[in-house]
Amino acid sequence: MRKLININNSWKFIKQDEVKAIEKNYNDENWEVVNIPHTWNAIDGANGFNYYKGACWYRKKFIVDNLSKRNKIFIEFNGANSITDVYVNGSYVGQHRGGYSAFRFDITDFVEFGSENILSVKVDNTVVNDVYPQMADFTFYGGIYRDVNIVVTNNVHFDLMDYGSKGIYIIQEEVSHEKALLKIKAKLVNDNEEDKKVRFWADIFDAEGNAVTYAAKEVVIAKGEIKETEVLVVIENPTLWNGRKNPYMYKAKLSLVSFNDTIDELTIPFGVRFFKVDAEKGFFLNGEHLQLKGVSRHQDRKDLGWAITEKEQKEDMELIKEIGATSIRLAHYQHSQYFYDLCDKEGMVVWAEIPFISVMSKTEFEGINAKQQMIELIRQNFNHPSIMFWGIQNEIQIGGDKPEARRLVKELNELTKKEDATRLTTMANLAVVDDKDEYNYITDVVGYNKYYGWYQGKVEDIEKWLDGFHEVNPHVPLCVSEYGAEGIIQYHSNNPKVKDYTEEYHALYHEKSWKILEKKHFLWGTYVWNMFDFGANIRDEGGVKGRNNKGLVTYDRKIKKDAFYMYKAHWSDEKFVHITSKRFVDRAEEKINVKVYSNCDNITLYVNGKEIQTKTGNDKIFIFENIELKDGINEIKAVSNCNNVILKDTALFNKVYEPNISYEAPEKDKGGLVANWFTMPELGDVQIEEIKITDDVYSTRCTIAEIMKNDEAKAVLKKYLGNFEEKPMFGMMEFMKIDMIASMAEDLFNEKIMYILNKELTKIKKV
């Protein structure tokens, strides 16, 4: 029978490339003792650009008892970033390329039974040209950051070397309210020296453990063979997995039996459901419309990086449940099996994806690693009922309009449909992709990352774009795969404006966005970017280095920003009252507006014990205007009688004579992300004249990469934009047109600088 032995504790670690560490007798007594999960970037990974990237080594002593002789021994890593080389007792076992999926190696021939063995592991998070991601807006934390196990099996077993999967696939052939027809496919391995006859059993149990149905099949496996077999089972009148309403799970116990011996066995939870997306009406689960009110999640956390435990993952799920979300986009890579299990259990509809993101390799055009990671994602997660969408790329257009990228996206879609025809393929396009671009027609459904009101334009602009796209592409199922704004809880304003980084603008952005999005019934989903702040080493904005601060909850998960409660008011049935801007304590104004988020239908406001006003309605946002403050501390209380239950919240505002300057972001940190990419000169008076721009000359219509290929044109850019090549973001911005970058920072790229750039660039002919 199979045994799983966890070996997370008491590893030796050194933060350098120590090549002699492969030797069994190497002296590692001065190395640091660590437990898995572990990363060497827990601190530096979210505090600036220059975090440690390179090869580090781990060593672990382990014993495999003599009783395990004549069995197969595997080492299982559930996540190590990003290139992992494994040695046992000085012998090379193998390499895995990619930082997010599980992988195993057969170490049977390298193990000394009954005595001490040495496992040596080199992990390297250096970015190389044939492993994805190449570049992205998040930190690539290095280390063995998920569990490590020894797996002992019989020589005849379910395949453990099938891209890290369980070797079992529960395929939902036909599901309705009346019947669930399932094909259970198994990959069987015979490592004996002779043929083996076994019986493959599939027993199905309901959530209470009652037997529902079963199937069996006799299989002969030739020696050394990997054989596929399958059985059909039918569940009559099934209880369907129905999202958060009823995430009902069955269990399949899969066994290999030889005479009276069970030689391998796995128990796999699964749910049965059917779903579709309608380009006009949105997402349907089990025949009923379900609004996918989604959030996106990165897995890292302050002072832990990716080395999180089940405790942190449970906390993340509880926060996502509290806000009332029905769907999660697990960005931008394969997440932990434990978190997918939580999604099954809690009824979250999941978009799962690979890190084919932002930039394609400049030298490897076949996409071998992207395809490997796609297969790993699908096979390892095939049996999770929560997953309904496979994501094949995110903003790959940042790297330029490359024919190689287009071809690879098509091939990834074809591969995904071949691996799993039961789910829908999707992708997240960059905002600059044209409405009629073929990128919109490759996958089953499509998403767009749109940041109107932060990077470009105003929030309200998204409505025009959504309606326009839907009019042009009425048969393309569309979602908003990302939308968001930076919100830093240190900054506050009574007059919030775009790119001021205040908590107030962050909340106002989401108020306006959701008011538009909730009414667009043709959208199959919407995904807030992001549920949590996360590490992004290439960022430096709002006075915070190494972070993306768009989360509804802070990086340490300790503070829910006001916008969290805005969504909770709209999405959750849990009744509550929340006064906004409570961290905006010092107030210099005589009168202020008090805003309350609540899903109750009445709010009464009290100021310093005096009842001021009662507002009613179901708009979720209650604003009490011109509330007068006295000098010093003022107690503001919002109270609701909600279904005969009294709910309330209290805020303390301090009336002061001068504004608290710590509430305002430094001037140099305003203006958004682009403001930190360039150093603009003082131009003085400029006489602006009309310039004729033709295709045979350089201009701001060109990408930075195109301009940089010409020394004379490059000199113009550096003259006016500074040494932007040295900026961490350069790899992501070089394929953007200057006009696009300018639209993201109109104050920086004003009319004068754009005129001068074009005046000088248009003098240079393209070769």
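Computed over heavy atoms, backbone and side chain alike; hydrogens, waters and symmetry mates excluded.
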Ion pair check, Lys223 and Asp195, cut-off under 4.0 Å: no

Donor-acceptor pair, Asn89 side chain versus Ile118 backbone, under 3.5 Å? yes

For Gln337 and Asn381, does a side-chain donor sit closer than 3.5 Å to a side-chain acceptor? yes

Given the ring of Tyr26, does Arg59 sit roughly above its face, with NZ or CZ under 6.0 Å from the centre of the six-membered ring and within 45° of the axis? no

For the residue pair Arg423 and Gln172, confirm or rule out a side-chain donor-acceptor distance under 3.5 Å. no

Please check if any side-chain donor atom of Asn129 sits under 3.5 Å from a side-chain acceptor atom of Thr363, or the reverse. yes

Do Glu353 and Arg329 make a side-chain contact, defined as non-hydrogen atoms from C-beta onward lying under 4.5 Å apart? yes

Donor-acceptor under 3.5 Å (Glu193 side chain, Gly224 main chain): no

Is the Tyr333 ring parallel, tilted or perpendicular to the Tyr100 ring (thresholds 30°, 60°)? parallel

Any side-chain donor paired with an acceptor under 3.5 Å for Asn242 and Asn286? yes

Set out, in order, the CA-CA distance, both residues' side-chain angles and the distance that settles side chain to side chain contact (heavy atoms under 4.5 Å, CB included) for Arg557 and Phe532, then state yes or no. CA-CA 7 Å; Arg557 279 43 169 193; Phe532 309 105; 3.4 Å; yes

Decide whether Asn35 and Trp11 meet the rule of one side-chain donor and one side-chain acceptor closer than 3.5 Å. no

Distance-only polar pair, side chains of Tyr555 and Asp300, donor-acceptor under 3.5 Å: yes

Whether the Tyr340 and Asn383 side chains hold a donor-acceptor pair (N or O, under 3.5 Å, no angle test) is what I'd like checked. no

Side chains of Ser68 and Asn71: any donor to acceptor distance under 3.5 Å? no

Is it the case that the side chain of Arg104 and the backbone of Ser165 share a donor-acceptor pair, with hydrogens and angles ignored and the cut-off at 3.5 Å? yes

Could you point out which residue of Leu266, Asp191, Val151, Val152 forms a side-chain contact (heavy atoms from CB on, under 4.5 Å) with His157? Asp191

Would you call the rings of Tyr141 and Trp306 parallel, tilted or perpendicular if under 30° counts as parallel and over 60° as perpendicular? tilted

Main-chain N/O of Val350 paired with Ser386 side-chain donor or acceptor, under 3.5 Å: no

Ring centres under 6.0 Å, that's the criterion: do His38 and Tyr145 meet it? no

Between the side chains of Asn41 and Asn125, does any donor sit under 3.5 Å from an acceptor? yes

Look at the rings of Phe158 and Phe200 and say which category their plane angle falls in: under 30° parallel, 30 to 60° tilted, over 60° perpendicular. perpendicular

So that I can tick it off, tell me whether Asp109 and Lys72 are bridged by a salt bridge, with the cut-off set at under 4.0 angstrom between side-chain N and carboxylate O. no

Is it true that Glu346 and Arg244 make a salt bridge, defined as a side-chain N closer than 4.0 Å to a carboxylate O? no

Could you tell me if the ring centre of Phe140 sits under 6.0 Å from that of Phe138? yes

For the residue pair Tyr132 and Phe356, categorise the inter-ring angle as parallel (less than 30°), tilted (30 to 60°) or perpendicular (more than 60°). perpendicular

Does any donor atom in the side chain of Gln334 or Gln373 lie under 3.5 Å from an acceptor atom in the other side chain? no

When you measure from the centre of the six-membered ring of Tyr52, is the NZ or CZ of Lys15 under 6.0 Å away and within 45° of the axis? yes

Lys53 to Tyr51, cation-pi by 6.0 Å centre distance and 45° axis angle: yes

Take the angle between the ring planes of Tyr92 and Tyr87 and call it parallel below 30°, perpendicular above 60°, tilted in between. tilted

Report the C-alpha separation of Arg301 and Asp556 in whole Å, then their side-chain angles, then the decisive distance to 0.1 Å, and conclude whether the salt bridge (Lys or Arg N to Asp or Glu O under 4.0 Å) test is met. CA-CA 6 Å; Arg301 186 178 290 218; Asp556 58 10; over 6 Å; no

Gln95 side chain to Arg97 side chain, donor-acceptor N/O pair below 3.5 angstrom: yes

Are Asp28 and Lys60 close enough, and set up right, to give a salt bridge (Lys or Arg N to Asp or Glu O under 4.0 Å), and what steps lead you there? CA-CA 10 Å; Asp28 59 15; Lys60 169 70 177 174; over 6 Å; no

